[in-house]
Amino acid sequence: MRRWAAAAAAGIILIVAAGLVARALRDDAKLTLPAGVPTPAPGTYARPLGVAVRLDASRSDAVYARGWLEHYTSVTPENELKWEIVEPREGEFDFAKADAIVRAARRAGKRVRGHTLTWDIQLPGWLTSRTWSAREMEDILRTHVRRVVGHFRGRIAQWDVVNEPLDTDGSLTRSVFAQALGERFVDIAFDAAHRADPRARLFLNEIASELPSAKQDALVALARRLVARGVPIDGVGLQDHTTADAAPTQAILSRDIARFARLGLDVEFTELDVGVRPGMPLDAAHLAAQARGYAAAAAACRAARACTGVTVWGVDDKWSWLGPQWRATPYAADGTPKPAAAALRRALRP
Ligand code: G3I
């Protein structure tokens, strides 16, 4: 009798524990946003105006959640789709965090950009702690891309398939992918993404390539080779992390767009932010310079048929990846708009 009771108790404990685990998993997949926030219809701006969004901030900070709901028509999960989060152990995929953002963004009518399928940063230990043969790496890469893109098929409009493949001098960064496969890793990633969701728009995304440089030339050359090889690439993402005192002008950005448009590719400004150096006063002059930096990218995009969107990298200064001291986003730490917010809207008037 006593044995029976012990077994029953153990059974009950197991059921309760399983229930708790299931609820925790469900909660992780959920993001409840503030109710009653007016959200812009998709055609509010001449191009999708996007923002990078963090799950932790969206849950803990109502000003932040309200900010991205109210001001933007496109959303990029800032970290939640990166390899270390979605495939922390080989072959084990965890989409809970990304799902939470993607579902909430789509419920609010936003386009979603997927960032990113391959990058040499934010990779899990199992992938970086040894070297792989070309065949092993091709297998790992194809599995990862197929599973991730397949999971979001029809829900994520665009993917940064390859992020930051080039070094400053224009050579291929020696990532785990490049070490095993050379440039062919890029072809493989795009091919796998296209097979997993033929309708998703596929981008090559690069940092610090807005000003004329060896790196920009190398990016154009890489894009040209991909197109020539028939790789299913749709566009190039120019990140445009910049500062108020050095932001590229509209003319420079228009020339950038034209270089890729000539190859038949789309362009997006995928990670725009315009910092004001720590210690500089956030006075009218600096706010105006920052607004000009934002407007330059938006106006260049607006003026080119090949430019399909502009995404700001961070909802407000409190949560910006640069830290609040850089004051890099269009909204202050308390969510109030700076002149950059109006400048973006003005430049993207339909
Ligand atoms: O999630 C962990 C958390 O568990 C831990 O307690 C905490 C302690 O530091 O770190 C958290 O992870 C951080 C993560 O952001 C989420 O906040 C990482 O340390 C931090 O390194 C990571 O930074 C991200 C960075 O990419 C990684 O290099 C930034 O948020 C993200 O904005 C930034 O975004 C990149 C783009 O993906 C590619 N282009 C450049 C851009 C800016 O660096």
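Counting starts at 1 for both ligands and their atoms, in listed order. All values derive from a computational prediction rather than experimental measurement. Numbers here are sequence positions counted from 1.
- Given atom 34 (O) of ligand 1, the protein heavy atom at minimum distance is W313 NE1, 3.3 Å.
- Ring-plane geometry between H144 and W83 is classed as parallel, the angle between the planes falling under 30 degrees on a 0 to 90 degree scale with a further cut at 60.
- Taking a distance limit of 4.0 Å, we find that atom 18 (C) of ligand 1 is approached by no protein heavy atom.
- Atom 32 (O) of ligand 1 has as its closest protein heavy atom E78 OE2, 2.5 Å.
- Note that R47 lies outside the cation-pi zone of F269, set by a 6.0 Å cut-off to the ring centre and a 45° limit from the axis.
- Each of the following atoms of ligand 1 lies closer than 4.0 Å to a heavy atom of N163: 38 (C).
- Put simply, atom 39 (N) of ligand 1 has protein non-hydrogen atoms near it, under 4.0 Å away.
- Judged by distance alone, with hydrogens and angles left aside, the side-chain atoms of K110 form no donor-acceptor pair with the main-chain N or O of A104 at under 3.5 Å.
- Contact annotation: for N205 versus ligand 1, there are no heavy atoms closer than 4.0 Å.
- In this structure, atom 15 (O) of ligand 1 has a protein heavy-atom contact shorter than 4.0 Å.
- Side-chain contact check for D191 and H194: no donor-acceptor pair (N or O, by modelled atom type) lies under 3.5 Å.
- Within the listing of ligand 1, atoms 39 (N), 40 (C) sit less than 4.0 angstrom from a heavy atom of Q239.
- Those atoms of ligand 1 with a heavy atom of H241 less than 4.0 angstrom away are 40 (C), 41 (C).
- For a threshold of 3.5 Å applied to N or O pairs, the pair formed by W119 and ligand 1 contains no separation below that value.
- Near I121, meaning under 4.0 Å from any of its heavy atoms, are these atoms of ligand 1: 28 (O).
- For the pair H115 (side chain) and D160 (backbone), a donor-acceptor distance under 3.5 Å is absent.
- With respect to W159, the side-chain contact (heavy atoms from CB on, under 4.5 Å) criterion is satisfied by exactly one of N205, V149, D234, V145: V149.
- Inside a 4.0 Å radius of atom 8 (C) of ligand 1 there is not any protein heavy atom.
- Nearest-heavy-atom check against atom 29 (C) of ligand 1 across L55, N79, D56 picks out N79.
- A donor-acceptor contact under 3.5 angstrom links the side chains of S58 and W68, judged on distance only.
- Residue nearest to atom 37 (O) of ligand 1, selected from E271, K82, R54, E164: K82 (by heavy-atom distance).
- Annotation for ligand 1: atoms under 4.0 Å from non-hydrogen atoms of W321 are 29 (C), 32 (O), 42 (C), 43 (O).
- For atom 11 (C) of ligand 1, no protein heavy-atom neighbour is present inside the 4.0 Å cut-off.
- Taking each heavy atom of A298 and L344 in turn, the nearest pair found is CB-CD2, 3.9 Å.
- Distances from atom 42 (C) of ligand 1 to the protein include at least one heavy-atom value under 4.0 Å.
- The only option from V112, I156, V53 that meets the side-chain contact (heavy atoms from CB on, under 4.5 Å) definition with P77 turns out to be V112.
- Put simply, atom 3 (C) of ligand 1 has no protein non-hydrogen atoms near it, under 4.0 Å away.
- Shortest contact from atom 25 (C) of ligand 1 to any protein heavy atom: Q122 OE1, 3.8 Å.
- Ring geometry, F152 versus F95: the interplanar angle exceeds 60°, so the pair is classed perpendicular (tilted spans 30 to 60°).
- If you check which protein heavy atom lies closest to atom 36 (C) of ligand 1, you get H115 NE2, 3.3 Å.
- Judged purely by distance below 3.5 Å, without hydrogens or angles, the side chains of Q216 and R259 pair a donor atom with an acceptor atom.
- A donor-acceptor pair is defined here as one N or O able to donate and one able to accept, closer than 3.5 Å; such a pair exists between the side chain of D316 and the backbone of K318.
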